[in-house]
Number of protein chains: 2
Amino acid sequence: MSNAKVLPLLEPDIVPCCPPLNERPLTADEAVRTAAMFKALSDPVRLRLFSAVASHEGGEACVCDISDVGVSQPTVSHHLKKLKEAGLLTSERRGTWVYYRVEPSVLAGMSKVLGQYAA
Amino acid sequence: MSNAKVLPLLEPDIVPCCPPLNERPLTADEAVRTAAMFKALSDPVRLRLFSAVASHEGGEACVCDISDVGVSQPTVSHHLKKLKEAGLLTSERRGTWVYYRVEPSVLAGMSKVLGQYAA
DNA sequence: TCATGACATAGACACACTTCGATACAGGGA
DNA sequence: TCCCTGTATCGAAGTGTGTCTATGTCATGA
């Protein structure tokens with residue numbers, strides 16, 4: 001266990017979800033887990049919400065900062081919940097407002113799945 | 001047009017679809033295009049089919065090589081069509097069999113969208 | 001020409017998903 | 001305490017998606 005840390009800077013806590021797509025055929029279980037990650041970003045509204053959080057100063061944003069995506073407030077809340085369930089965002093209430101923040105580990109996992117195409 | 005090729009090895013024909021998610025909030029149009037890419041890989045069966053092609057020797061596979069994913073033959077055909085429409089696969093008939101091959105440009109685009117998380 | 005095997009298409013069904021209005025809940029200020 | 005604002009949840013309506021069976025198309029070979 002001591003000589004395994006050859007590249008200690010890589011993968012701080014990247015979930016060992018699944019291998020790169022071109023390494024070997026995915027098993028059924030791996031495919032289900034991997035598909036869930038992609039599905040979280042497969043909706044335009046979710047993508048805009050996520051992008052708004054990710055590009056906001058400080059890496060976090062209040063819901064009120066990002067709600068201007070052309071759908072109703074309950075719909076925004078619904079999609080933010082989905083992104084949270086997928087592990088892409090975390091949320092924290094501070095007084096009146098709720099702040100969402102990007103959780104980078106799942107995105108890093110998605111990038112690993114894309115494998116060599118991540119050139 | 002002659003002095004623009006400063007980095008000729010980068011992005012051979014990567015479609016300039018969309019910026020990285022953390023660069024700025026996506027526009028509605030960008031979000032629709034980006035979501036379509038992720039949606040193509042958001043189904044477990046499609047993911048297994050794609051992975052089977054991507055990991056097959058020579059980077060291509062006959063349908064008969066990858067059909068063992070637990071669904072009927074028409075369903076396999078349906079999903080392969082979706083992957084083709086999304087630009088992730090190309091197909092070519094050679095005699096009796098149809099061969100599918102990975103088209104790396106869209107995957108590279110997805111990787112670019114993931115941005116810095118592609119570490 | 002006909003049968004066979006590989007793959008695609010058509011139509012139908014069940015289920016999931018996105019969206020909304022209505023409503024509930026939480027925190028801050030008067 | 002009461003009201004107002006920000007956010008979440010509920011339930012319903014409409015649409016989309018995955019899956020199947022049945023059938024069509026294409027190439028091969030007898």
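The figures that follow rest on heavy atoms only: side chains count, while hydrogens, waters and symmetry mates do not. Throughout, a chain's letter reflects where its sequence line sits, starting with A, and its residues are numbered from 1. Predicted model only: the values in this text are computed from it and were never measured.
- The heavy-atom pair separating B:Leu26 from A:Arg48 by the smallest distance is O-NE, 3.2 Å.
- In this structure, the side chain of A:Ser51 engages the main chain of B:Leu21 through a donor-acceptor pair within 3.5 Å.
- Using a 4.0 Å heavy-atom criterion, one finds that B:Val76 contacts no nucleic acid atom at all.
- The residue among A:His78 and A:Arg93 whose nearest nucleotide of DNA chain C is located toward the 5' end is A:His78.
- Contact annotation for A:Thr96: backbone-only contact, meaning every heavy-atom pair under 4.0 Å involves sugar-phosphate atoms and none involves a base.
- Annotation for A:Ser42 and B:Ala35: closest pair O-CB, 3.5 Å, computed over non-hydrogen atoms.
- The side chain of A:Arg94 places no N or O atom within less than 4.0 Å of a non-bridging phosphate oxygen (OP1 or OP2) of C:dG27.
- Distance from the side chain of A:Cys62 is smallest to D:dT7 among C:dA22, D:dT19, D:dT7.
- Checked for salt-bridge contact, B:Lys112 and B:Glu23 miss the test: no charged N lies under 4.0 Å from a carboxylate O.
- The nucleotide whose nearest atom lies closest to any side-chain atom of B:Lys82 is, among C:dC7, D:dT17, D:dT21, D:dT17.
- Here the P atom of nucleotide D:dA27 and the CH2 atom of B:Trp97 are 14 Å apart, to the nearest Å.
- Here D:dT7 presents its C1' atom at 12 Å from CD1 of A:Ile66, a figure rounded to the nearest Å.
- In this structure, B:Tyr99 reaches neither bases nor backbone, as no heavy-atom distance under 4.0 Å exists between it and the strands shown.
- Each of A:Thr75 and A:Lys39 was matched to the nucleotide of DNA chain C holding its nearest heavy atom; the match closer to the 5' end belongs to A:Lys39.
- Between the base of C:dA8 and the side chain of B:Gln73 there is a donor-acceptor pair shorter than 3.5 Å.
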message: Does A:Ile66 form a side chain to side chain contact (heavy atoms under 4.5 Å, CB included) with A:Val76? I'd like the steps, not just the answer.
response: CA-CA 9 Å; A:Ile66 60 175; A:Val76 169; 5.6 Å; no

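- In this structure, B:Asn22 and A:Ala54 approach most closely via the heavy-atom pair CB-O, 3.5 Å.
- To the nearest 0.5 Å, atom CE of residue A:Met37 and atom CG of residue B:Leu47 are 8.0 Å apart.
- Between the P atom of D:dG18 and the CG atom of B:Leu83 lies a distance of 10 Å, rounded to the nearest Å.
- At the heavy-atom level, B:Lys84 lies nowhere under 4.0 Å from the strands shown.
- With rounding to whole Å, B:Leu80 atom CG is found 13 Å from C:dA6 atom C1'.
- Between D:dA8 and A:Tyr100, a contact under 4.0 Å exists linking OP1 or OP2 to a side-chain N or O.
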query: Where do B:Thr90 and B:Lys84 land on the side-chain hydrogen bond (donor to acceptor under 3.5 Å, both in side chains) test, with the steps shown first?
result: CA-CA 6 Å; B:Thr90 58; B:Lys84 229 172 84 173; over 6 Å; no

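- With rounding to the nearest 0.5 Å, the separation of CG in A:Leu88 from NZ in A:Lys82 is 12.5 Å.
- Distance, A:Lys81 NZ to C:dC17 P: 13 Å, rounded to whole Å.
- Contact check on B:Arg94 versus B:Glu92 returns a salt bridge, with a Lys/Arg side-chain nitrogen under 4.0 Å from an Asp/Glu carboxylate oxygen.
- Rounded to 10°, the angle separating the first-five-pair axis and the last-five-pair axis of the helix from C:dT1-D:dA30 to C:dA30-D:dT1 equals 10°.
- A heavy-atom distance below 4.0 Å to DNA chain C is reached by none of the residues of residues 47-61 of chain A.
- In this structure, the CZ atom of B:Phe38 is 18 Å from the P atom of C:dC17, given to the nearest Å.
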